[in-house]
Amino acid sequence: MSRPRSMRQNARGYLLTFPAFAFLVVFFVGPLIVNLFESVKNEDGGLTYAQYVRALGDAYYLEVLGDTIVLSLAVTIASLVLGYPLAIAIARSRGALKSFLIFLVVTPLLINVVVRTFGWMVIFGRSGFINAILKLLDLDTATLTGTWTGIGIAMVQVLLPFMVLSIASTLEGIDGELEDAAITLGATPLKTIIHVIFPLSLQGVITGTLLVFALSMGSFVTVMLMGSNSTMVLPLLVYQQLNLASDWPFAAALGNILIFVVLIATALQLGLAKRGVRR
Amino acid sequence: MITRLSKVTLSSLVALTFMMGPSIADDPLVVVSSGGIWLESAKANFVSCYEERTGEQPEVLTINSSEVLNRIRANPDNPPIDVALLSEIDAIRAGEEGLLEKLSADNVPNLADVPEIFREQWNNYATIQNFGAMIVLYNKEAVPEPPADWKTLIDETIEGKYGDRVSFPAVTMAWGPMFTWFLTTLYDGDEDMVFEKYKEMLPNIANYWTSPVDAMNMFAAKEIDILVYWDGRAYAFAEENDWAGAYIPDPGAFQSAAMIAKVNNGSDKAWTYIDCVLSPEAQLGHSKMIKYPIVNSKVEYPEELAAVLTPLEAVRQPEFRSFMDKIPDWIERWNKEVR
């Protein structure tokens, strides 16, 4: 292929990305810049870091930030542990069974978040399904609404598809003969998964964990409906500041802190993953 | 190729212009309503009146007050909403920020029949469309003799008399700050005392609710026995369920309201819609459907409807300006202390 032709093709390729690039600049980067400006402007039109000092200098807001990160990490790990075997099952199945499994995984995404959360509230309620079973077994009833555990379960349910589909698509690309070779050489099925399959599916795991972590960090509807004052997360504080306190500068500062934390976490995950893939 | 592409683009733009032209000229009036039965009532009573008068159909959005305020704040010169439905405090904020146009009997004739009390705190930038109160809904079987007044209810909840089967609204619920203001009036204006009571009640509270639907679901499922809730829905529930009762504890309740206003720079057709909303026929029809009192003084309620409406004498209108600047501090205090 001649050089000018290759350059022309590259240029055409870049040109094709332009609509998406322009869309992101206008509708993603633009609002972020507005948000940044909103968080640092004072009443006289000058610049101030007061909102950031308020958020990062207060033990309560730092605690909420910590809780948000811990919740997101827990949801991500739980999604990975539950999702990986499911992803293997999907990658190895064929035909109608495969379609059925994918449909099952994707179903939670087809239901409105409020309706889905109300469903969990019915299941977790004092006289809900879980407590009815516990009562039948003559066991103590459990309180799951208003707790981190209840919120975590509800969030894993909806974020699981992102993890499963990311991993399953990578697993499908792995040559089946590698697995056969490992077993022929004496590896147990578990060892084959740990030493052969998992390292080869790392890209899918990275994609899934990034997606689930970022989505968890931004989730607030489930926490708002299922939580209590003792289960506060940063996005819910942003919502409160915007809609109840009408304190836009503080809401903008909290939002920027959230974005910053997600970016740092993403960079860390990508850095770690790069090292893992090289090995 | 480029020439052909240009032609296609140009003809598409021309076609688009023709398609958009008439729609821009005939932009429908954009109004706001709450959802559920409120939306049904808005369509049956207000929209029908507007259609009759103008021959046009308005676009009805079902969005909450803060979203309305955010949308008109974001585009004040060309607002996407003509008639706003706002909470009391958002209506005050919007009026002060120049986002609303003053109402007068010249452009809204039916306003003449709306008493001053329903609009004076808003300097006529908005008027109450209908109002309600927060009362007590209770399970008659579990609590045969509910406390007669608010302070007793709070103290008995703290003592654990009702187990942990009581639910109060949270300060972070949209009308939570108004309820907190109301409680401060019961404790001689002592905010610290009110937050102390909120804290002391916490161990014996099933939850401080932020979602009205969730709160009602819990009560309907008999997971709680006492629920502090909106009067219209509480009375309606008690009417349909023998085991439930609803009453106003002494010394009454605070007034909560839906405010209607014309958005500044919005269509002048908004005046017609607001006049329809305040007309005696539409007001009565609305009250019959939503079971809340309305504001047109010419309306006479049928006996059976009057029996389930909270009378104006039993409600106290909050002095919004006395506490609206405290709301951010109250929310922060609530988040930090009551958990």
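A note on names: the letters A, B, ... follow the listed sequences, proteins ahead of strands, and every chain is numbered from 1. Here the structure is a predicted model, which means the values were calculated and not measured.
Residues of residues 332-339 of chain B lying under 4.5 angstrom from chain A, judged on non-hydrogen atoms, are B:Glu332, B:Trp334, B:Asn335, B:Lys336, B:Val338, B:Arg339 in numerical order. Interface with chain B: from residues 211-229 of chain A, residues A:Met224, A:Leu225, A:Asn229 qualify, criterion being any non-hydrogen pair under 4.5 Å.
Interface residue B:Asp164: backbone and side-chain heavy atoms are both found under 4.5 Å from chain A. Only the side chain of B:Thr210 comes within less than 4.5 Å of a heavy atom of chain A; its backbone N, CA, C and O stay farther away. Of the atoms belonging to B:Met173, it is backbone heavy atoms, and not side-chain ones, that fall under 4.5 Å from chain A. Proximity to chain B is limited to the side chain of A:Tyr61, based on heavy atoms less than 4.5 angstrom apart. B:Ala206 touches chain A through backbone and side chain together, each having a heavy atom under 4.5 Å away.
Atom CG of A:Asp140 is surrounded by 12 or fewer heavy atoms from other residues, nucleotides or ligands within 6.0 Å.
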(request) Decide side-chain contact (heavy atoms from CB on, under 4.5 Å) for A:Met121 and B:Asn217; before the verdict, give the C-alpha distance in whole Å, the side-chain angles of both, and the deciding distance to 0.1 Å. (result) CA-CA 10 Å; A:Met121 286 158 78; B:Asn217 284 345; over 6 Å; no
(request) Apply the test side-chain contact (heavy atoms from CB on, under 4.5 Å) to residues A:Ser246 and B:Arg73: give CA-CA distance (whole Å), side-chain angles for both, the deciding distance (0.1 Å), then the verdict. (result) CA-CA 12 Å; A:Ser246 214; B:Arg73 258 180 187 160; 3.3 Å; yes
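Atom-to-atom distance recorded for A:Leu244:CG and B:Ile331:CD1 is 4.5 Å, nearest 0.5 angstrom. Between the OG atom of B:Ser66 and the CD atom of A:Gln240 there is a distance of 12.0 Å, given to the nearest 0.5 Å.
Heavy-atom pairs under 4.5 Å with chain A were tallied for B:Asn70, B:Asn207, B:Leu69; the largest tally goes to B:Asn70. For the set B:Val171, B:Thr172, B:Ile224, B:Ile327, the entry with the most heavy-atom pairs within less than 4.5 Å of chain A is B:Thr172.
Every side-chain hydrogen bond (donor to acceptor under 3.5 Å, both in side chains) that A:Asp247 has, sequence neighbours left out, goes to A:Arg54. Taking A:Phe124 as the reference, A:Trp120 meet the ring-ring contact (aromatic ring centres under 6.0 Å, His included) condition, with sequence neighbours excluded.
Scanning both residues, B:Glu223 and A:Gly128, for their nearest heavy atoms gives OE2-N, 4.4 Å. Across all their heavy atoms, A:Ala245 and B:Pro328 have their closest contact at O-CG, 3.7 Å.
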